[in-house]
Amino acid sequence: MAADTLKSTTGASGAPGGLRRLLLDNGALTALIVLVIALSALSGDFLTTDNLLNIGVQAAVTAILAFGVTFVIVAAGIDLSVGSVAALSATVLAWSATQHGVPVALAVVLAVATGVAAGLVNGFLIAYGKLPPFIATLAMLSVGRGLALVISGGVPIPFPDSVSHLGDTLGDWLPVPVLVMIVMGLLAAFVLGRTYIGRSMYAIGGNEEAARLSGLRVKKQKLAIYALSGVFAAVAGIVLASRLSSAQPQAADGYELDAIAAVVIGGASLAGGTGKASGTLVGALILAVLRNGLNLLNVSAFWQQVVIGVVIALAVLLDTVRRKAGATPVTSGGGNKGKQAATYGLAAVVTVAIVGATSFLHNGSSSSDKPKMGLSLSTLNNPFFVQIRSGAQAEAKRLGVDLTVTDAQNDASQQANQLQNFTSSHLGAIIVNPVDSDAAGNSVKAADKANIPVIAVDRGVNKADVNALVASDNIAGGEQAAKTIAEKLGGKGKIVILQGQAGTSAARERAQGFANGLKAYPGIKVVAQQPADFDRTKGLDVMSNLLQAHPDVQGVIAANDEMALGAIKALGSKAGTSVPVVGFDGTPDGLKAVKAGTLYASVAQQPTQLGRIAVDNALKATQGKKVEQMVKVPVKVVTKDNVAGFSG
């Protein structure tokens, strides 16, 4: 019952017309071939066995999510909740298996059942509640993420060892995530092309009213479709958590957009009625190849986002062109299997031939004498980490080091991908500022195995060996912040604490420091603690809300300067007069506020020094020189009295 919504209108024959038809009908595959050829020519590190396997691993989670989303989009729906459902399912598995002694096999069943339940709720709200798919799944996005945080308490939960093997390799070379991706892809292709529910998806997406009039139970089919999406999301979450050796409550944040992009790039139409599993796989590979190649070419993380956005827009434009040109419908139905197989076979032959030719461009080319290093920062959306980058880049320039900087955007999985890329590029050293200390462990182990020195900066790496940790003591800094606010208030008063992003090691350690420091001041009462995600805008919003419930608050501690500056905005004229605010990090904007008197103090970490010292130690490690395992950069409480002489 596949709905062939794109009838061919071209009757002309001939080579040019045939080539045009081939390109229109296989636009995503053509784009992937062009990307592979271009990146092979531009980077000698791209076409290696290790790197190609990296691309497969990096595409796996997105592809598995996208296979589930394909069902929904083919049926003219949308599912924005898959990233949150993936995180929730993984959290349920880890929580039940490690904290409540549930047998691992049963915990896996519970995780998959969680995905099914979330999908059924989505389907019920859409089919019976008449909610638009966008609204229903957007609500589930928030609910799923919230439940993951509630169950985990905002702290990553270690994954059971027996399940963590899903993130390993078979025979020391074949990654298990790639195998899972292939299995789930074959399952998706079977469902779409060989089952009643698959044919129902095309019928509903092609014309829902006609499907209903033909006797199809559309409402029940929608329940099944969204439940299937939930199953694939759960599997993706388990694979992702296995790679990170822990269930991260903030994992897969934003992955729903990548999944939808992969489906659309792969040739499916958001209008419904078209799409196939092989196209979705190609779309996921395009995204993975792009990110991998841009990392290898040292393209700015900010420009990478621009490129990905442009690719998605071009994919939608191609879909429009294909429709107007009367291209063959992209469905899993019909009897065109032989032609499809021939097309993919020809594409493989052409790609191998051209890539083989381009490899000669790199043979015999002399490599740069400069030592090469990679720096993976947890985020560049925060002035503190921007300063670390500035210090590292300045020192690299001074020492003649070729430094590649990447931005993990607070995504532990994305950082794992970046570290894998650094390892496969055989850099001289890697500097990592972990999004999460546990999640970075497996990637650092891989670098250790490749004999690449690793320097951790600002945060340590758990369950793996690093050559050195260059850091300030977050717990000690938190204790100093607590002491500073308590002494300012004379040991008595009501305060609120703005916490960092739930699940990050910096947020946990600073919160622990605040708690430790306040134990010495029983007269200080914490009336509220709320996360504001290290963000100034959220700091403003959260503080404004807390002031409604606690208008008599007498002091504020924030886990970074950005949130402190947001709190100052909410406090208005009270800031720096009746309500002292203490921040953390010593960022330029924070120090300006200290000078102005609106921010009472900032626990400054000297981030520029952190970056500089990290590069120094990385270079020593590459030269075989001894480095200290722990390099402490002292924190300092900066107030109006000493801010003039302070330089981060």
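All residue numbers refer to positions in the sequence shown, counting from 1. FYI, side chains are in, hydrogens and waters are out, and symmetry mates aren't considered; it's all heavy atoms of this structure.
- Between Lys372 and Asp45 no salt bridge is recorded (no basic side-chain N to carboxylate O distance below 4.0 Å).
- When the side-chain contact (heavy atoms from CB on, under 4.5 Å) test is applied to Arg243, the partners found at least two apart in sequence or on another chain are Val57, Pro177, Ser413, Ala416, Asn417, Gln420.
- Once rounded to the nearest 0.5 Å, the distance linking CD1 of Ile452 with OG1 of Thr423 reads 4.5 Å.
- Within the 4.5 Å cutoff, the side chain of Arg291 has heavy atoms near those of the Asp258 side chain.
- Side-chain contact annotation: Thr280 with Thr70, donor-acceptor N/O pair under 3.5 Å present.
- Leu281 has its side chain within reach of Phe67: a pair of non-hydrogen atoms, C-beta onward, lies under 4.5 Å apart.
- In plain terms, the two heavy atoms of Ala247 and Ala90 that are nearest each other are CB-O, 3.6 Å.
- No donor-acceptor pair closer than 3.5 Å links the side chain of Ser43 to the backbone N or O of Leu39.
- Taking 4.5 Å as the limit, every side-chain heavy atom of Val457 sits out of range of all side-chain heavy atoms of Val432.
- Ala262 approaches Leu287 most closely through the heavy-atom pair N-CD1, 4.1 Å.
- At distances below 3.5 Å, at least one donor-acceptor pair connects side-chain atoms of Arg145 with backbone N or O atoms of Pro249.
- Side-chain atoms of Gln415 and Ser376 form a donor-acceptor pair, as typed in the model, at a separation below 3.5 Å.
- Looking only at distances, a side-chain donor or acceptor of Gln304 sits under 3.5 Å from a matching main-chain atom of Val299.
- The closest side-chain heavy-atom distance from Ile431 to Leu377 is not below 4.5 Å.
- By the 4.5 Å heavy-atom criterion applied to side chains, Ile64 and Val239 are counted as neighbours.
- Judged by distance alone, with hydrogens and angles left aside, the side-chain atoms of Ser437 form a donor-acceptor pair with the main-chain N or O of Gly460 at under 3.5 Å.
- The side chain to side chain donor-acceptor pair (under 3.5 Å) test applied to Ser245 returns Asn442, not counting sequence neighbours.
- With rounding to the nearest 0.5 angstrom, the CG atom of Asp448 is 9.0 Å from the CD1 atom of Ile430.
- One N or O on the side chain of Ser424 and one on the backbone of Asn421 form a donor-acceptor pair closer than 3.5 Å.
- Side-chain atoms of Gln250 and Leu149, non-hydrogen and from C-beta on, do get closer than 4.5 Å to each other.
- Taken to the nearest 0.5 Å, the CG atom of Asp168 stands 7.5 Å off from the OG atom of Ser164.
- At least one donor-acceptor pair closer than 3.5 Å links the side chain of Thr622 to the backbone N or O of Leu619.
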Please evaluate residues Val82 and Phe232 with respect to the criterion side-chain contact (heavy atoms from CB on, under 4.5 Å), reporting the C-alpha separation (whole Å), side-chain torsions for both, the decisive distance (0.1 Å), and the verdict. CA-CA 9 Å; Val82 289; Phe232 277 73; over 6 Å; no

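- In this structure, Ala189 and Ala277 approach most closely via the heavy-atom pair N-CB, 3.7 Å.
- Although no hydrogens or angles enter the test, the distance criterion places a donor-acceptor pair under 3.5 Å between the side chain of Thr274 and the main chain of Ser269.
- Considering all non-hydrogen atoms of both residues, Ala148 and Leu88 come closest at N-CD1, 3.8 Å.
- Remark: side-chain polar atoms of Asn433 are paired, donor with acceptor, to backbone N or O of Ser378 under 3.5 angstrom.
- Separating the CZ atom in Phe385 from the CG atom in Leu375 is a distance of 11.0 Å, to the nearest 0.5 Å.
- Residues Gln409 and Asn381 have side chains not in contact (no heavy-atom distance under 4.5 Å, counting atoms from C-beta outward).
- Residue Leu270 holds its CG atom at 5.5 Å from CD1 of Ile78, rounded to the nearest 0.5 Å.
- The shortest heavy-atom contact between Pro453 and Gly428 is CD-O, 3.0 Å.
- Ion pairing between Arg612 and Asp616 holds under the 4.0 Å rule for side-chain N and carboxylate O.
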Working note: Asn560 + Phe384, criterion side-chain contact (heavy atoms from CB on, under 4.5 Å); need CA distance, chi angles, decisive distance, verdict. CA-CA 9 Å; Asn560 79 337; Phe384 176 77; over 6 Å; no

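- Of the possible donor and acceptor atoms, none in the side chain of Ser81 sits under 3.5 Å from a partner among the backbone N and O of Met140.
- Atom CG of Leu47 is separated from atom CG of Leu52 by 5.5 Å, given to the nearest 0.5 angstrom.
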Quick one, Arg389 with Leu380, criterion side-chain contact (heavy atoms from CB on, under 4.5 Å). Give me CA distance, side-chain angles, the key distance, then yes/no. CA-CA 8 Å; Arg389 180 188 65 179; Leu380 284 173; 3.6 Å; yes

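- There is a side-chain donor-acceptor pair under 3.5 Å between Asp79 and Ser229.
- Residues Leu610 and Ala471 share a closest heavy-atom pair of CD2-CA, 3.8 Å.
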Applying side-chain contact (heavy atoms from CB on, under 4.5 Å), run through Leu93 and Ser89 and close with a yes or a no. CA-CA 6 Å; Leu93 192 162; Ser89 298; over 6 Å; no

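- With contacts defined as side-chain heavy-atom distances shorter than 4.5 Å, the pair Val183/Leu179 does not qualify.
- A donor-acceptor contact shorter than 3.5 Å links the side chain of Asn617 to the backbone of Ile613.
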